[in-house]
*Asks:* 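Before I ask anything, let me first share the structure, which is written out below as structure tokens.
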Amino acid sequence: MSLLNVGARALLANQVALQTAGHNIANVNTPGYSRQTVVLQTVQGQFTGGGYIGQGVDVQTILRNQSELLTRQSAAAGSTQAADTVRAERLSQLQDIFSGGTAGLGAAINDMMNAFSDVVSSPTDITARTVALTRIDETAARMRTAADRLTEIEYTATEQLKSSINAVNSLAAQMASVNEQIARAQGNGQTPNDLLDKRDQIIRDINQYVQTTQIPADDGTVGLFVAGSQPLVLGTTATSLSIDEASQFPGSGQVKLYFNRPGATPIEMDENVLGGGTISGLLRFNNTDLAEGRNLLGRMATAIGMTMNAQQNLGLTLDGAAGKDLFSVPASMPGYTNGSGVGSVSFTGPTQFAASDYEIRFTTGTAGQVVRLSDGKSTPFTDAANLATLQIDGLNFNLTTPGAPGERMLFKPFSTAASNIQALVYSPRDLAAANPINAAMGTSNGGTMQLAGLKATGLPNPPGLVLPANANAAAVPPILGGVQLQFNAGPPSTYDVLDRGTAPPTTLAAAQPYTSGVPISFNGWEVTLQGTPKTGDTVVIGNALDPQYGDTFTRNSGNATSLMGLRDVKMFDEASLTDGYAGAMAQVGTRTQSAKFAADLSSTIASNLERDRTAVSGVNLDEEAAKLIQYQQAYQASSKMIQIAQSIFDSLLQGLGR
């Protein structure tokens, strides 16, 4: 009977081994499956006077081949890869918006500025004026199109965020259920290998969306924590996540991840502490990368619009009216807060704009600091009145109601500028191509002085442009009109500024130094003279609408020249107006390439760690096939052992029967 028992045990043990090998082969392509191995142990021998007689073999357990360290490292690396990959994909879409070529915004800006050259050549040509206005409208349209595409990207990113949140909540519920099954199964003293594999795969899947920390419990369950300390799954209980706008700055467009505690206020989590996962990558893209894209585009729209509007306002139309705005640009933008602070930001210096959002952080009393979020640069202020006097990056911050100490206000001055920009001038006669002033050299001048340039600047502002007085021949004595520059050869060469709007003319400024080629600025206009004057030489700056000049202004293109000259004005981080778009392309391109590099690197690390994990846990078909043959032979031998034991037992019974 002992031989029969040994054979039966061996038969059963080898059958389990065969079944386990078959189970491995069947799950060779199952995600998250860990190879299983039968652990055999010798049955304690029976003591006799002649020693211990062996009793055969039993199955001790089914071992799960798995490295806890490699599994966790692989999950964490996969989470980082998911965050980097989704961010790189979204940044590639953002880069497409800031593209070059003839269809890009940069080409439209260049075409718009170059269109003024025909107006300069022929200021009365209605066709040339129409082309210029068409280019202006096209530039505004392309800015709006780019802003709309940014909105589309934001929408798709938000929808992907919602989908990812739903997936995490579903997986968390599944893990809570598997935790419960594992806790029940481990009561029998053996590990439920397939359930453990299922739970590890769920954890890996969750880490694709949000990085987690795993902490095992004594009952066999595993707790999952996000953002360091928030229990997504604790034992058999799962807590949901959600996304919503930032609680601190409602209405600002910032999106945050919330941990929904049962029966309590949801906890807002910063994406910077989430680690990896597509949710973290998408939040970073939405709140940082996309915001920068909007700021780059909005800054361009605001700066170009304000600068061209200011120059257009200084010129005269074909009908002699002051030019009206070419573009619609915001005068101010409100701040966002959930505290007591109320305020707005206004635009004053378009050549100084920085593509950034700003925060006002109140410290003590009504004092605080303005922080440029793009690089963290801060500007302190003592109170609202002091803040109103500060010009920060071409912006003025005005507080109607200061916030309490510890509160913050967010300002997004450029976020919607591109989406709302419109061309406002459609009639070619309303393009202000003419200078509001003219200049004439004295007929009796004896020096070599010549007129090199004349334009209205409106600076300083205030007071802005002050036009010379018109002539009045009926006055006694007659009023000549205009402003006269009267030179003294020196050395040094000087000039006096005379107001010819009075009789006799009055001196507005005396003995001003003159240098050839250096612009002379006065009353919001600027004249550039080259050459050497003789004593008594004069230059008269007149009002272009002075009746004594008739309709001469209609054939003047001085302001169109100034509009065209804006293309070379340093405006965007020391880049000219026409090069500003190239700078924006470079910033977005650099950010995109950096993200792609990070995605490639994290992908390589994740692949290497997954390969290491698979080397321990994966199924090798050749190895399993060899085991099948090994266990098959052992099974056949065990069967033969039982057959021999049966034959011996039969012979014994036959012998006893005689």
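All heavy atoms count here, side chains included; hydrogens, waters and symmetry mates do not.
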*Asks:* Say whether, by atom type as modelled, one donor and one acceptor occur between the side chain of Asp270 and the main chain of Asn272 under 3.5 angstrom.
*Replies:* yes

*Asks:* Among Ile97, Leu296, Asp96, which residue satisfies the side chain to side chain contact (heavy atoms under 4.5 Å, CB included) criterion with Val588?
*Replies:* Leu296

*Asks:* List the atom of Gly558, the atom of Asn435, and the distance in Å for their closest heavy-atom pair.
*Replies:* CA-ND2, 3.6 Å

*Asks:* Just one of Asp579, Thr578, Asn114 clears the side-chain hydrogen bond (donor to acceptor under 3.5 Å, both in side chains) bar with Arg567, so which one?
*Replies:* Asn114

*Asks:* Looking only at heavy atoms, what is the nearest atom pair of Ile304 and Met143, with distance?
*Replies:* CD1-CE, 4.1 Å

*Asks:* Could you report the tightest heavy-atom contact between Leu485 and Ile520, atom names first, then the distance?
*Replies:* CD1-CD1, 4.2 Å

*Asks:* Taking the side chain as every heavy atom from C-beta outward, state whether Arg372 and Asp375 have any pair of such atoms under 4.5 Å apart.
*Replies:* yes

*Asks:* Using the side chain to side chain contact (heavy atoms under 4.5 Å, CB included) rule, take Asn309 and Val329 through it: C-alpha gap first, then chi angles, then the decisive distance, then the call.
*Replies:* CA-CA 9 Å; Asn309 284 350; Val329 291; 3.8 Å; yes

*Asks:* How far apart are the closest heavy atoms of Asn313 and Lys324, and which atoms are they?
*Replies:* ND2-C, 3.6 Å

*Asks:* Pairs in or reaching into residues 584-593: which pass side-chain hydrogen bond (donor to acceptor under 3.5 Å, both in side chains), with residues at least two apart or in two chains?
*Replies:* Asp289-Arg591, Glu292-Arg591

*Asks:* Are Thr348 and Leu395 close enough, and set up right, to give a side chain to side chain contact (heavy atoms under 4.5 Å, CB included), and what steps lead you there?
*Replies:* CA-CA 6 Å; Thr348 53; Leu395 303 172; 5.8 Å; no

*Asks:* Taking all non-hydrogen atoms of both residues, which atom of Gln391 and which atom of Gly349 are closest, and how far apart?
*Replies:* NE2-N, 4.3 Å

*Asks:* Between Asp84 and Arg87, does any side-chain N to carboxylate O distance fall below 4.0 Å?
*Replies:* no

*Asks:* Show the numbers, then the answer: is there a side chain to side chain contact (heavy atoms under 4.5 Å, CB included) between Leu399 and Phe362?
*Replies:* CA-CA 12 Å; Leu399 293 177; Phe362 298 97; 3.7 Å; yes

*Asks:* Decide, yes or no, whether a salt bridge links Lys256 with Glu271 under the criterion of side-chain N to carboxylate O below 4.0 Å.
*Replies:* yes

*Asks:* Before accepting this row, confirm whether a basic side-chain N of the pair Arg294/Glu154 lies closer than 4.0 Å to the acidic partner's carboxylate O.
*Replies:* yes

*Asks:* Between the side chains of Arg408 and Glu359, is the shortest nitrogen-to-carboxylate-oxygen separation below 4.0 Å, so that they form an ion pair?
*Replies:* yes

*Asks:* Walk me through it: do Arg149 and Glu152 pass the test salt bridge (Lys or Arg N to Asp or Glu O under 4.0 Å)?
*Replies:* CA-CA 5 Å; Arg149 291 176 63 188; Glu152 290 175 5; 5.8 Å; no

*Asks:* Between Glu138 and Arg135, does at least one N-O distance fall below 4.0 Å, as a salt bridge requires?
*Replies:* no

*Asks:* Using a distance-only test with no angle check, is there a side-chain donor-acceptor pair under 3.5 angstrom linking Glu268 and Tyr258?
*Replies:* yes

*Asks:* Name the residue from Phe397, Tyr336, Phe249, Phe353 that meets the ring-ring contact (aromatic ring centres under 6.0 Å, His included) definition with Tyr358.
*Replies:* Phe397

*Asks:* Run the salt-bridge test on Asp573 and Arg299 with the 4.0 Å N-O cut-off and return the result as yes or no.
*Replies:* yes

*Asks:* Please say whether more than 12 non-hydrogen atoms of neighbouring residues, nucleotides or ligands are located less than 6.0 Å from OH in Tyr426.
*Replies:* yes

